[in-house]
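What follows is a short report on a single structure.
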There are 2 protein chains.
Amino acid sequence: MSSIHDVARYSGVSTATVSRALRGLPNVSPRTRQVVQAAAAELGYVASPSASALSSGRHRAVALVVPSMGRWFYTEVVEGADGVLRTEGYDAFLINLALGAEGRGRLFSHSLLRKRADAVIALGIDFTPDERRELRSLAVPLTVVGGAVPGVRTVGVDDLQATEAAMEHLVGLGHRRIAHIGGENEHGMDYTVAQARRREWRTVLARIGVTPPPAWFGSGGFLLPQAKRAALEVLRGPDRPSAVFAGSDEMAFGVLLAARDLGLRVPEDLSVIGIDDHSWSESFGLTTVRQDPQAQGGAAARIVLDELAGLPVHGLVHHAASELVIRGTTAPPAA
Amino acid sequence: MSSIHDVARYSGVSTATVSRALRGLPNVSPRTRQVVQAAAAELGYVASPSASALSSGRHRAVALVVPSMGRWFYTEVVEGADGVLRTEGYDAFLINLALGAEGRGRLFSHSLLRKRADAVIALGIDFTPDERRELRSLAVPLTVVGGAVPGVRTVGVDDLQATEAAMEHLVGLGHRRIAHIGGENEHGMDYTVAQARRREWRTVLARIGVTPPPAWFGSGGFLLPQAKRAALEVLRGPDRPSAVFAGSDEMAFGVLLAARDLGLRVPEDLSVIGIDDHSWSESFGLTTVRQDPQAQGGAAARIVLDELAGLPVHGLVHHAASELVIRGTTAPPAA
DNA sequence: TTGAAAGCGCTAACAG
DNA sequence: CTGTTAGCGCTTTCAA
């Protein structure tokens with residue numbers, strides 16, 4: 001494992017020049033740069049990140065903070081962020097909050113965030129005021145994906161708009177009895193997303209003069225099994241809705257399975273719509289509002305990278321696109 | 001951001017003593033240790049990983065190499081590995097091969113593996129001989145999860161046994177016309193897993209005197225959409241099987257959706273079994289062979305940690321448990 | 001355009 | 001049990 005000294009010796013220049021040449025800094029003659037690059041390649045030299053970090057204060061690494069790995073949205077965002085980071089020569093650290101190991105409280109004092117990462121990308125997390133203050137004190141660029149957090153840079157779909165698109169589709173088909181399976185008070189989850197979708201569901205319903213009874217809301221916790229259970233209850237209730245708006249595709253799958261178990265035909269007896277356009281949604285034939293979490297992760301990465309480069313970053317809230325995708329789980333209500 | 005010097009000054013000892021005290025090394029008086037710990041806590045001191053790495057050669061970080069983030073198995077393994085790593089004070093680096101950014105070829109010369117990680121945990125990857133050689137040359141502990149790779153330490157279920165459990169269940173119910181939806185030649189996938197399951201499917205069938213026609217095999221690539229497509233073909237074929245053995249639960253879901261689309265009742269018209277016990281399988285009512293990838297990830301982490309600690313690690317192949325879970329998608333064939 | 005030299009913050013002998 | 005002394009491998013002024 002050769003060091004910068006080997007390269008310097010091999011190419012007959014100083015270590016300082018090697019450093020400059022390899023990092024593409026100016027004030028290096030083309031000829032010298034070439035010689036140095038050749039030497040580095042020859043010796044298989046790769047700069048030690050630890051040494052660079054120690055002397056420069058830059059780690060070329062960003063921390064990805066995720067509430068858990070089990071949800072499609074998160075893994076997609078991670079993949080998207082990781083992609084552009086790697087392209088820019090940055091490494092991605094994983095910080096998974098799902099594990100009890102490191103309590104959420106101590107997260108922000110963790111060495112990683114303090115001394116191993118130049119920036120942080122946090123997914124769908126609703127920080128407490130304390131945590132936010134701590135983050136700011138780190139003076140580290142931070143961007144949150146999926147879920148607006150006041151005062152923090154954010155990338156994500158406009159939840160109101162996405163929900164409205166879904167609801168309007170249902171309403172446009174003639175539905176009025178629309179239930180909602182949503183997330184709620186998940187620990188580590190950004191429940192503002194769930195809240196926004198739920199609120200907008202009510203709003204659209206109110207617009208057509210409908211006040212949903214409590215039985216039309218089920219807490220699915222953004223997980224399929226839980227959503228299925230909730231849907232089972234909603235659909236077995238006395239006042240069965242003609243359609244269900246699920247807060248995510250994963251929860252919509254749960255609704256679909258619940259309907260199947262109850263012998264309800266979709267979309268004849270029940271319409272179902274979700275939000276996401278999960279990679280399995282097409283196979284399920286699910287009507288949904290598409291978003292692109294991978295692009296969102298990439299956008300977040302680009303933002304923190306820009307900040308690190310000292311480039312000006314425009315707004316605080318970056319809205320990602322969303323788009324209605326009509327498939328087979330929605331239709332006009334039966335008579 | 002205080003340094004070791006601040007702590008030393010604050011507690012009236014040398015930096016060497018601070019280092020020893022905080023790392024729990026012997027030869028520090030209890031009293032001194034306490035003073036130092038108090039000082040560190042007071043100052044919010046956390047050792048700089050870069051500096052420690054530079055002087056000790058240890059990074060306290062391990063690289064997690066995954067073919068992609070979109071598959072349940074991988075994310076579970078990552079979560080399991082990350083959990084024990086974090087508990088032991090190690091950080092996890094993510095190296096996602098799904099992204100074109102860094103071609104697979106150059107992966108192993110990447111700085112991460114060379115100069116940022118003390119060990120590598122690779123998921124379901126079938127290394128080429130070249131890659132294996134390179135890895136060994138790094139002199140870094142390596143463990144592969146899910147898919148035996150000759151000459152490399154491995155954690156995973158016994159694919160033959162798991163497949164046999166699934167097939168014997170079907171055969172025990174009276175099925176003889178059993179199709180298989182499996183993975184095949186996925187780039188970056190460990191196709192030895194797919195091959196083992198496919199081979200064993202044939203073996204069990206041969207045992208009961210059945211030679212499956214080519215139309216009874218469909219390539220599902222370990223992905224739901226692809227598996228559904230393959231299943232559609234298999235089930236529409238002239239010689240429709242009475243049961244399908246899917247190489248993973250995700251593929252089994254695809255088979256279930258295909259059956260739904262074709263109007264086939266499960267399990268009356270078609271039995272379906274998978275391997276995994278995916279977190280959604282219970283909701284689908286899927287009969288399957290359970291494995292615990294999170295535990296496997298944890299086991300792999302513990303192994304590399306032991307190796308790093310210089311502890312002896314027993315065998316090369318560590319078989320994880322698997323267990324038949326009977327639910328609602330399997331039944332005796334109709335007449 | 002290039003080099004010399006002084007660290008970055010920690011660990012690891014080696015003394016004491 | 002504790003302190004001193006060298007570095008680890010880079011980056012970065014400051015000179016030349």
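None of these values were measured; they are calculated from a predicted model. Note on naming: letters A, B, ... go to the chains in the order of the sequence lines (proteins, then strands), and numbering restarts at 1 for each one.
In plain terms, the two heavy atoms of A:G298 and A:V84 that are nearest each other are CA-CG1, 3.4 Å.
Partner of A:V304 under the side-chain contact (heavy atoms from CB on, under 4.5 Å) criterion, chosen from A:L142, A:T143, A:V140: A:T143.
Taking the side chain of B:A16 as heavy atoms from C-beta on, and the options C:dC10, D:dT4, D:dC10, the nearest nucleotide is D:dT4. The side chain of A:S56 has D:dT12 as its nearest neighbour among D:dT12, D:dG9, D:dG3. Looking at the side chain of A:I4, the nearest of the listed nucleotides C:dT11, D:dT11, D:dG3 is D:dT11. When the nucleotides D:dT13, C:dC10, C:dG9 are ranked by their closest atom to the side chain of B:L54, C:dG9 comes out on top. Picking from C:dG3, C:dT1, D:dC10 the nucleotide with the shortest atom distance to the side chain of A:V13 gives C:dG3. When distances are taken from the side chain of B:T17 to each of C:dG3, D:dG3, C:dC10, the shortest belongs to D:dG3. If you check C:dT2, C:dT11, C:dA13 against the side chain of B:R20, the one that comes closest is C:dA13.
With salt bridges taken as basic N to acidic carboxylate O contacts below 4.0 Å, none links A:D91 and A:R60.
Checking B:S29 against B:S55, the closest nucleotide of DNA chain D that is more toward the 5' end is the one next to B:S29. In terms of position along DNA chain C, the nucleotide closest to A:N27 lies nearer the 5' end than the nucleotide closest to the other residue of the pair A:T15 and A:N27.
Side-chain atoms of A:S19 and A:R23 form a donor-acceptor pair, as typed in the model, at a separation below 3.5 Å.
Look at CG on B:D118: it is 15 Å from C1' on D:dC8, rounded to the nearest Å. Nucleotide C:dC10 holds its C1' atom 7 Å from the OH atom of B:Y45, rounded to whole Å. Here D:dC10 presents its C1' atom at 16 Å from CG of A:L43, a figure rounded to the nearest Å. Protein atom CZ of A:R58 is 16 Å distant from nucleotide atom P of C:dG9, rounded to whole Å. Summarising the geometry, the separation between NE2 on B:H59 and P on C:dG9 is reported as 18 Å, rounded to the nearest angstrom. The interatomic distance linking B:R9 (CZ) with D:dG3 (P) rounds to 14 Å, in whole Å. In this structure, the CG atom of B:L22 is 13 Å from the C1' atom of C:dT11, given to the nearest Å. Rounded to whole Å, the distance from NZ on B:K115 to P on D:dC10 is 5 Å.
The side chain of B:T32 contributes an N or O atom lying less than 4.0 Å from OP1 or OP2 of D:dT2. Checking the phosphate oxygens (OP1, OP2) of D:dT11, a side-chain nitrogen or oxygen of A:S19 falls inside 4.0 Å. At least one side-chain nitrogen or oxygen of B:S14 sits closer than 4.0 Å to the OP1 or OP2 atom of D:dG3.
Between the side chain of B:T17 and the main chain of B:V13, no donor-acceptor pair closer than 3.5 Å is present. Judged purely by atom type and a 3.5 angstrom limit, B:T32 has no side-chain atom pairing as donor or acceptor with the backbone of B:V28.
Counting any heavy atom pair closer than 4.0 Å across all strands shown, B:R23 reaches sugar-phosphate atoms only and no base atom. Heavy atoms of B:S50 sit nowhere under 4.0 angstrom from any nucleic acid atom.
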